[in-house]
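Here is how names work: the chains are called A, B, and so on, in the same order as the sequence lines, proteins then strands, and each is numbered from 1.
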Amino acid sequence: MVRVVRAGVVACVVVAIALGVVYLVRAVDELGDQASANATANYDDREFGGGNSLVVDKRALYEARALIPPEGRYRVVPGPNVVGATELTEPYIDQFARSFLMPRRPSPDAEWILCYGCDPAQLEVPTEVVWDGGGGISIHRTLS
Amino acid sequence: VSVRALVGLALFNLFILGVGTSVLALSLGWRSARQIVAGSGLGYMVGVALLGVALSIELVIGVPFSFATIALTGVAFVLVAAALRPRVRRWRPAPPPETGTPGAGLVAVAFGALIVVYLEALFRAGRLAGLSAWDAWAFWVPKAKAIYFFGGLDEQFFRELANPTYPPLVPTLEASAFHFMGSADVVTLHVQFWFFACGFVAAVGGLLAPRVPALLIWPFVLLMLVAPRVVGRSLDPQADFLLDYFFALAALLVALWLLEREPWLLATASIFMGAALLAKRDGQLLVACVVVAALVGSVRQWRYAWPRLALAAAVAIAMAIPWRVWFTSRDLTGELPSAGVLALLDYPDRGWPALESVLTATFDYDLWLVVVPLFAVAVVLAFLAGARVLSAYALTLYVLALAGFTWVLWSFIELEVPLTQDEGVNPIVRLSGSLVVASAAIVPLLLDAAWRHANDSSSHV
């Protein structure tokens with residue numbers, strides 16, 4: 001039994017060392033590739049991260065940050081009219097903007113409206129267009 | 001991404017290291033530089049857990065969250081540890097031998113070099129990583145940004161963001177990192193999780209090195225680190241891997257307490273259990289597994305062990321109560337699986353697919369290599385060698401965890417049968433990581449017990 005146990009311990013160590021070293025090489029390789037890919041990405045791509053799969057025009061969100069004051073309130077009105085939208089754009093742009101535009105707060109009766117594929121004519125309140133990036137994406141401000 | 005952010009993050013982690021190591025050193029009477037260096041990994045992780053728990057509780061009770069709050073909280077821990085120093089003298093363990101520790105030497109140096117190579121590559125990959133993980137950008141990091149920008153648990157964001165009942169420890173630590181970085185830099189934030197990984201490795205090494213030969217420690221730590229899933233996801237700024245580290249350290253400290261009966265081991269384990277409870281709701285399941293496994297492992301000395309285990313569990317639970325009060329008082333829901341705790345019998349057809357999904361993920365070579373199979377072999381070897389307490393504890397821990405994961409999938413009825421293994425839908429891949437990470441800490445202990453006690457069936461182990 002002693003031999004069996006000790007042989008088992010040795011076998012475990014051998015397996016761990018062998019796989020550990022082989023996969024260390026692979027891991028360092030893979031991590032190096034990731035580092036290179038990250039380094040070649042631009043600042044916007046890194047900041048948007050997962051948002052790259054749903055945000056069509058990054059300028060709109062940057063413009064929203066510039067136009068809406070930090071204590072301001074906004075709402076995102078998504079719609080099907082974004083040129084180049086992915087299947088994630090309409091359902092998740094609101095969620096992404098919530099994080100990206102913080103500390104600005106989302107609010108249903110906000111002064112600022114980020115129209116992301118919506119029909120501006122259907123907005124419930126009169127607005128002025130303060131930025132239009134084309135492709136169905138624009139920023140509006142309600143007229144008081 | 002800036003040098004300032006990186007420097008700020010380094011200072012934040014030096015602060016954590018200073019707080020945690022000071023608390024341990026003052027409590028345990030560490031005097032030599034060697035003791036402090038060897039214990040600094042554990043000290044760092046204790047600092048993470050203590051600051052995470054304390055800042056979370058402060059948020060819940062409405063203390064404004066700021067740079068000063070973080071700094072004062074850390075200083076308060078050190079002052080309290082200094083003040084309590086005479087009272088906790090009896091906790092102090094016997095000093096380890098000054099020479100000939102089995103975990104040191106050439107093997108440790110060689111594997112240490114390999115692990116440094118790995119960690120350097122991991123750092124480079126994380127330094128400029130985009131915030132791509134779905135849960136990270138959808139709610140973990142937004143919660144951190146809300147704490148950072150609004151100085152508290154903002155009612156609107158914590159209600160409207162996904163998973164509002166998920167505990168706030170990780171967002172709180174992320175918000176602390178933002179304060180030190182000087183901005184909500186979601187790219188550099190990945191490096192914070194690199195520090196957590198380094199701290200975990202150092203903590204496991206520091207705890208095991210005086211007890212276990214280096215050849216039985218570092219190959220298993222390295223194997224866990226290079227598992228494909230760990231390589232790919234350990235820097236995601238979300239709670240999964242930090243929870244795994246807390247769980248693994250709690251499990252290891254409880255195992256050591258079962259063998260050595262040093263009170264500080266159990267006291268430190270209770271800190272990590274409390275942090276696990278406040279890291280993610282899965283922490284409740286994992287902490288319950290640790291406590292029940294310890295009860296089973298100590299059944300022969302139950303009069304001595306069980307009251308102490310109950311106290312440690314109670315302390316951990318007490319840390320999580322304020323958060324529970326906060327979210328229940330606001331009628332936030334989603335804490336339990338959708339079918340409820342006891343609704344399993346309504347869905348008998350889900351039992352086997354759930355178990356199959358759990359085992360498939362846990363033993364998936366492409367995710368975790370052979371980490372868990374090696375754990376299984378180590379348990380058998382330790383049992384055969386007569387290390388009954390340790391093998392009973394470890395086996396119970398893993399079986400309970402697997403049963404618990406099965407219960408989660410069984411009760412998670414939104415996930416339809418046949419169950420997909422896609423981790424975007426099925427949480428099992430993330431859950432199974434806890435056992436993989438814990439194996440890096442537990443397997444060396446099991447194999448050492450097997451080796452040393454193969455000839456000695458009368459051993460106390």
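Of the possible polar contacts, none joining the A:Asp45 side chain to the B:Gly130 backbone as a donor-acceptor pair under 3.5 Å is found. The backbone N or O of A:Pro106 sits less than 3.5 Å from a side-chain atom of B:Gln156, completing a donor-acceptor pair. A:Arg6 contributes a side-chain N or O that, together with a main-chain N or O of B:Trp451, makes up a donor-acceptor pair within less than 3.5 Å.
Heavy-atom pairs under 4.5 Å with chain B peak, among A:Ala11, A:Ala18, A:Gly20, A:Pro70, at A:Gly20. Between chain B and the residues A:Leu24, A:Val10, A:Val28, the most heavy-atom pairs under 4.5 angstrom are made by A:Leu24. Considering only heavy-atom pairs separated by less than 4.5 Å from chain B, the leading option among A:Ala16, A:Gly8, A:Ser53 is A:Ala16.
Residues A:Phe48 and B:Leu131 have side chains not in contact (no heavy-atom distance under 4.5 Å, counting atoms from C-beta outward). Side-chain contact between B:Tyr118 and A:Tyr23: absent, with no pair of heavy atoms (C-beta onward) separated by less than 4.5 Å. The closest side-chain heavy-atom distance from A:Ser99 to B:Trp137 is not below 4.5 Å.
Paired with A:Val9 under the rule side-chain contact (heavy atoms from CB on, under 4.5 Å), one option of B:Leu215, B:Val377, B:Leu447 passes, and it is B:Leu447. Tested against A:Cys12 for a side-chain contact (heavy atoms from CB on, under 4.5 Å), the candidates B:Leu381, B:Leu216, B:Leu446, B:Val443 yield a single pass: B:Leu381.
Looking at A:Met1, the atoms closer than 4.5 Å to chain B (heavy atoms on both sides) all sit in the side chain, from C-beta outward. Of the atoms belonging to A:Val5, heavy atoms from both backbone and side chain fall under 4.5 Å from chain B. For a residue to count as touching a neighbouring chain, one of its non-hydrogen atoms must lie under 4.5 Å from one of that chain's; by this rule B:Ala146 touches chain A with backbone and side chain alike. For B:Leu122, the parts lying under 4.5 angstrom from a heavy atom of chain A are both the backbone and the side chain. Only the side chain of B:Phe111 has a heavy atom closer than 4.5 Å to any heavy atom of chain A. If you measure heavy-atom distances from B:Val186 to chain A, the contacts under 4.5 Å come from the side chain alone. In this structure, the portion of A:Phe100 lying under 4.5 Å from any heavy atom of chain B is its backbone and not its side chain. Using a 4.5 Å cut-off between heavy atoms, A:Leu101 makes no contact with chain B at all. Heavy-atom distances place the side chain of A:Glu30, and not its backbone, under 4.5 Å from chain B. Contacts between B:Phe375 and chain A at a heavy-atom distance below 4.5 Å are absent for every atom of the residue. If you measure heavy-atom distances from A:Ala39 to chain B, the contacts under 4.5 Å come from both the backbone and the side chain.
Within the model, atoms CZ of B:Arg124 and CG of A:Leu31 stand 8.0 Å from one another, a figure rounded to the nearest 0.5 Å. Put simply, CE on A:Met102 and CG on B:Leu161 are 6.0 Å apart, with the number rounded to the nearest 0.5 Å.
Counting only residues at least two apart or on different chains, the salt bridge (Lys or Arg N to Asp or Glu O under 4.0 Å) pairs with a member in residues 140-154 of chain B are A:Arg105-B:Asp154.
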B:Leu128/A:Arg46 under side chain to side chain contact (heavy atoms under 4.5 Å, CB included): CA gap, chis, key distance, verdict:
CA-CA 7 Å; B:Leu128 295 174; A:Arg46 288 190 213 119; 3.8 Å; yes
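Minimum interatomic distance between A:Asn38 and B:Ala129 (heavy atoms only, all atoms of both residues): ND2-CA, 3.5 Å.
Side-chain rings of B:Trp134 and A:Tyr92 approach one another, their centers coming within less than 6.0 Å.
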